[in-house]
Amino acid sequence: MNIKDLKTAFFQRYGQGDASISGELHTFFAPGRVNLIGEHIDYNGGFVFPAALTIGITAIARRRQDNTIRLYSLNTEQEVLVDTLGEMNFEEKDGWGNYPKGVFQFLSREGYELGGYDIMYWGDLPDGAGLSSSAAIEVLTTFMMLTLESEKTPVLASTAKGGEPIDRVWLSKFCQQVENRYIGVNSGIMDQFCVALGKKDHAILLNTDTLAYEYVPFQLKGYSLVIMNTNHRRELADSKYNERRAECDQALAILNDKYQYRDLCSASLEAVEELIQDETLRKRAIHVITENQRVIQAIDVLKQGDLVAFGQLLNQSHHSLQEDYAVTGTPLDALAHASQQQPGCLGARMTGAGFGGCAIALVKNENVEAFKKNVSAIYSEKTGLKADFYPSQIGEGVYQSETFERQA
Ligand code: GLA
């Protein structure tokens, strides 16, 4: 779908404009993300290495004269109505609409007096597939509201001072709060940070303890990053995610009876062996500590242009997430293992929270077509499911895009 079709859909639904409606259409885009390596350590003070994609979510917005926000998703064909003077509380029946509602509620707590809008969303990012569709809609909606509201009233101090660009680090922290406290998923900051600060052809090395970050050119010289969806529903993903996070907190508490680690990523493997008796907690801690080491090694080998070593680290990361962190499950394992065996594949691993969702593989360009065919066949045979493969490059973080041109 391109911008012209989206505008047509918008006018069909919300009309060309009348006395209750004012202003022009404004278009915004936020990407999905993959995490290259550094999984489940952004809430343990570790290093992560995500990259924004060129697939994502687009929104078109137009101001209204009243205090109603009408939200419509072309993907789910569901409309959600919000009264910006009301409570704007989470309601199960509002489904995806809770993400924008959470943003509106939290913005109003920041002191924004939001006006009315008609907003239409459309995305080419699979929902709940581990490519950060939730961070994309949160960051997109917040960025859009801050941009549009700042035209109306002076921007508040917490975001940016008069006329300055939106503070994207603030933006990602704000959206993480919406995810944690409104949606109820205790996620780290990686997804929101990457969606807000992504850069074309670069991955972001982010220190989640200090939020210091560095853009690392992601050049694959003859190789492609293949993104694959298990199409397996992520059952209990949110509760399992919160459970892993709690296990990490318990492991750290045991270690800190004797030591004073700032976070689990700074602990040593020796201390874990010494103090953690419970096998489950020990394995969780081992994943966290070794995964952080793998990210540091990955940056090192990438900077030397050693893609073979990088691929091996991807494989090791998957293994650790499977055996020690237990967040993969049969479909993700089937997809990653089938990928790892293919000619021209340097490495493959799950990406994101796991429990279903997506995996990535590093594949030699000339092998990509055969790779997809073979992986598809093995995967279907093992699981009875059909894998999807997404063509996507490394793209920019959230932006306003009046000239947006993308094909469905
Ligand atoms: C989800 C969360 C992130 C991160 C990953 C796992 O995507 O939103 O904060 O914890 O899982 O690495």
Side-chain angles (χ1 to χ4, degrees), residues 30-53 56 99 102 125-139 169 171-198 203-209 211 213 227 229-230 234 236-249 263-265 284 287-295 298 313-314 316-318 320-322 324-329 332 336 349-360:
R33 66 99 192 84
V34 286
N35 185 21
L36 297 168
I37 193 160
E39 217 66 86
H40 283 280
I41 56 173
D42 64 339
Y43 49 86
N44 287 306
F47 286 100
V48 293
F49 194 43
L53 297 172
Y99 292 98
L125 196 60
D127 235 24
L131 300 181
S132 279
S133 51
S134 44
I137 193 166
E138 289 156 1
V139 172
V169 174
L171 176 64
S172 50
K173 289 197 226 163
F174 173 85
C175 290
Q176 185 197 11
Q177 288 307 306
V178 173
E179 180 77 31
N180 293 171
R181 300 196 353 244
Y182 188 92
I183 302 297
V185 178
N186 241 339
S187 71
I189 198 161
M190 170 173 77
D191 301 350
Q192 290 81 6
F193 197 95
C194 181
V195 172
L197 283 112
I204 308 174
L205 173 63
L206 170 66
N207 177 335
T208 59
D209 178 26
L211 294 192
Y213 65 100
I227 303 168
N229 191 349
T230 57
R234 301 189 312 155
L236 296 177
D238 293 352
S239 57
K240 289 274 173 205
Y241 185 95
N242 288 346
E243 182 185 295
R244 288 296 171 280
R245 195 167 173 159
E247 287 165 349
C248 290
D249 290 345
D263 48 53
L264 198 50
C265 282
R284 305 298 186 251
H287 165 73
V288 166
I289 295 166
T290 58
E291 182 75 356
N292 197 39
Q293 293 166 351
R294 280 186 286 274
V295 181
L313 290 164
L314 298 185
Q316 289 165 18
S317 169
H318 186 90
S320 175
L321 287 156
Q322 177 183 342
D324 289 338
Y325 216 63
V327 289
T328 54
L332 268 175
R349 62 181 288 274
M350 58 156 269
T351 189
F355 314 103
C358 284
I360 53 172

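Whatever order the structure lists them in is the order used to number ligands and atoms, beginning at 1. Side-chain atoms are counted along with the backbone in the values below, which use heavy atoms only and exclude waters and symmetry mates.
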Stepwise, does the side chain to side chain contact (heavy atoms under 4.5 Å, CB included) test hold for Asn35 with Met190? CA-CA 9 Å; Asn35 185 21; Met190 170 173 77; 3.4 Å; yes
Given side-chain hydrogen bond (donor to acceptor under 3.5 Å, both in side chains), test Asp191 with Ser132 step by step and report yes or no. CA-CA 6 Å; Asp191 301 350; Ser132 279; 3.2 Å; yes
Derivation and outcome, side chain to side chain contact (heavy atoms under 4.5 Å, CB included), residues Ile204 and Val48: CA-CA 8 Å; Ile204 308 174; Val48 293; over 6 Å; no
Please walk me through it: do Val327 and Met350 pass side chain to side chain contact (heavy atoms under 4.5 Å, CB included)? CA-CA 9 Å; Val327 289; Met350 58 156 269; 4.0 Å; yes
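Among all non-hydrogen protein atoms, the one lying nearest atom 9 (O) of ligand 1 is Asp42 OD2, 2.6 Å. In terms of protein heavy-atom proximity, atom 1 (C) of ligand 1 is closest to Asp191 OD2, 3.5 Å.
Per-residue contacts place Gly188 under 4.0 angstrom from the following atoms of ligand 1 (heavy atoms of the residue considered): 9 (O). Residue Gly352 has at least one heavy-atom neighbour below 4.0 Å for each of these atoms of ligand 1: 6 (C), 11 (O). Short contacts between ligand 1 and Met190, defined as distances under 4.0 Å to a heavy atom of the residue, involve ligand atoms 4 (C), 5 (C), 12 (O). The atoms of ligand 1 that sit less than 4.0 Å from any heavy atom of Ala353 are 1 (C), 7 (O), 11 (O). Atoms of ligand 1 found under 4.0 Å from any heavy atom of Tyr241, numbered from 1 in the order shown, are 1 (C), 2 (C), 3 (C), 4 (C), 9 (O), 10 (O), 11 (O). In the vicinity of Tyr43, heavy-atom distances shorter than 4.0 Å reach the ligand 1 atoms 10 (O).
The closest approach between Arg33 and ligand 1 falls below 4.0 Å for a heavy atom of the residue.
You'll find the side chain of Cys358 stays beyond 4.5 Å of the side chain of Val34, heavy atoms only.
Checked against a 6.0 Å centroid threshold, the rings of Tyr241 and Tyr43 count as neighbours.
Where the criterion is an N or O separation shorter than 3.5 Å, residue side chain and backbone included, Asn35 fails it with respect to ligand 1. Looking at ligand 1, you'll find an N or O of His40 within less than 3.5 Å of one of its N or O atoms.
For the residue pair Ser187/Arg245, the side-chain donor-acceptor check at 3.5 Å is not satisfied. For the residue pair Arg349 / Ser317, a side-chain donor-acceptor distance below 3.5 Å is found, with atom types taken as modelled.
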